[in-house]
Colleague: 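Before I ask anything, here is the structure I am working with.
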Amino acid sequence: MTQRPLAPWERFFRSPWVGLVSTVLLGAAVYYAKGRLGLAGYAMGVLGVGANSYFLWLAINLLARVANDQAKGSAGSTLTVAAFLLKLPLVVGFMLQTQRLGKDAIDGFLWGLALVYTALIGWAQACRPD
């Protein structure tokens with residue numbers, strides 16, 4: 001079975017460079033609009049929600065391997081489960097910290113959250129099987 005050629009938008013969302021450039025450009029825009037506190041909130045949003053999404057993805061892959069009897073107990077499996085359990089307190093901690101920093105940090109956090117989830121939607125659509 002041959003794979004169909006990727007559409008330009010699919011290549012766009014699959015490129016790690018697009019994600020890196022988007023993160024830097026939006027970070028610069030947040031810094032320009034909200035200052036250092038906004039940028040701190042943005043960094044916490046991108047890191048917290050990005051880590052949350054990554055750990056969820058790892059847990060889903062582990063469950064898929066378990067369902068197919070391909071997973072074996074290992075340190076990596078243990079770390080995956082631990083990371084999955086710690087992802088929510090991590091994001092909540094970042095949210096509480098941005099709340100302490102003020103409105104500009106909260107706005108930055110929400111921009112980081114929006115960037116990560118928008119990128120995930122594009123990536124999921126670009127990687128879906130036909």
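This one's a predicted model, so the numbers in the text were calculated from it and none came from an experiment. In this chain, numbering begins with 1 at the start of the sequence shown.
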Colleague: Do any side-chain atoms of residues 92-103 form donor-acceptor pairs under 3.5 angstrom with protein atoms, and if so which ones, sequence neighbours left out?
Modeller:
residue, atom, partner, partner atom, Å
Q97, OE1, R100, NH1, 3.0
T98, OG1, F94, O, 3.3
T98, OG1, M95, O, 2.7
K103, NZ, D107, OD2, 2.9

Colleague: L63 and L88: same hydrophobic cluster, using ILVMFWY side-chain contacts below 4.5 Å?
Modeller: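 The answer is no; the residues belong to distinct hydrophobic clusters.
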
Colleague: Can you sort out the partners of D104 under salt bridge (Lys or Arg N to Asp or Glu O under 4.0 Å), two or more places apart, ordered by chain and number?
Modeller: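 Partners of D104 under the salt bridge (Lys or Arg N to Asp or Glu O under 4.0 Å) test: K34.
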
Colleague: When clusters are formed from ILVMFWY side-chain contacts under 4.5 Å, directly or step by step, what else is grouped with Y32?
Modeller: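 When side chains under 4.5 Å apart are linked, Y32 ends up in no cluster with other residues.
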
Colleague: With sequence neighbours left out, which residue pairs that include part of residues 37-47 fulfil the salt bridge (charged side-chain N to carboxylate O under 4.0 Å, His left out) condition?
Modeller: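 Qualifying pairs: none.
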
Colleague: Should F84 and I60 be regarded as members of a common hydrophobic cluster, given that ILVMFWY residues are connected when their side-chain heavy atoms come within less than 4.5 Å of each other, either directly or indirectly?
Modeller: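 The answer is yes; both residues are in one hydrophobic cluster.
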
Colleague: Closest approach of V91 and V49, non-hydrogen atoms and distance?
Modeller: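 For V91 versus V49, the nearest heavy atoms are CG2-N, 4.4 Å.
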
Colleague: Are any of the side-chain heavy atoms of N52 and L90 separated by less than 4.5 Å?
Modeller: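 No, their side chains stay 4.5 Å or more apart.
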
Colleague: Distance from L115 atom CG to L110 atom CG, nearest 0.5 Å?
Modeller: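 Between L115 CG and L110 CG, I get 12.5 Å after rounding to 0.5 Å.
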
Colleague: Among residues at least two apart in sequence or on other chains, which ones pass side chain to side chain contact (heavy atoms under 4.5 Å, CB included) with A43?
Modeller: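 Side chain to side chain contact (heavy atoms under 4.5 Å, CB included) list for A43, sorted by chain: empty.
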
Colleague: Show me the side-chain donor-acceptor pairs of residues 19-26 shorter than 3.5 Å, one per line, residues at least two apart or across chains.
Modeller:
residue, atom, partner, partner atom, Å
S22, OG, V18, O, 2.7
T23, OG1, G19, O, 2.7

Colleague: Is there any salt bridge (charged side-chain N to carboxylate O under 4.0 Å, His left out) pair reaching into residues 118-127, and which pairs are they, with sequence neighbours excluded?
Modeller: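 Output for this query is empty, none listed.
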
Colleague: Please list, chain by chain and in numerical order, all residues satisfying side chain to side chain contact (heavy atoms under 4.5 Å, CB included) with L39, sequence neighbours excluded.
Modeller: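 With neighbours one apart ignored, the set is Y31, Y42.
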
Colleague: Mind checking the CG-CG spacing from L62 to L79? Nearest 0.5 Å is all I need.
Modeller: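 With rounding to 0.5 Å, CG (L62) is 11.0 Å from CG (L79).
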
Colleague: Residues two or more places apart in sequence or in another chain: which of them pass side chain to side chain contact (heavy atoms under 4.5 Å, CB included) with L58?
Modeller: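 Residues passing side chain to side chain contact (heavy atoms under 4.5 Å, CB included) with L58: Y54, F55, T80.
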
Colleague: Which salt bridge (charged side-chain N to carboxylate O under 4.0 Å, His left out) pairs, counting each pair once, include a residue from residues 117-127, with sequence neighbours left out?
Modeller: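 Qualifying pairs, neighbours excluded: none.
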
Colleague: First locate atom CH2 of W123, then atom CH2 of W57, and finally report the distance between them rounded to the nearest 0.5 Å.
Modeller: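 W123 CH2 to W57 CH2: 6.5 Å, rounded to 0.5 Å.
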
Colleague: For K87, which residues count as a salt bridge (Lys or Arg N to Asp or Glu O under 4.0 Å) partner, sequence neighbours excluded?
Modeller: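 None.
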
Colleague: Answer with yes or no whether the hydrophobic clustering places L47 together with L56; edges join I, L, V, M, F, W, Y residues whose side-chain heavy atoms lie under 4.5 Å apart.
Modeller: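 No, L47 does not connect to L56 through the hydrophobic network.
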
Colleague: Could you name each residue pair satisfying salt bridge (charged side-chain N to carboxylate O under 4.0 Å, His left out) that touches residues 36-59, not counting sequence neighbours?
Modeller: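 Counting only pairs at least two positions apart or across chains, no salt bridge (charged side-chain N to carboxylate O under 4.0 Å, His left out) contact touches residues 36-59.
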
Colleague: Nearest heavy-atom pair of S53 and Y117: which atoms, and what distance?
Modeller: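 Looks like OG-CE2, 4.0 Å.
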
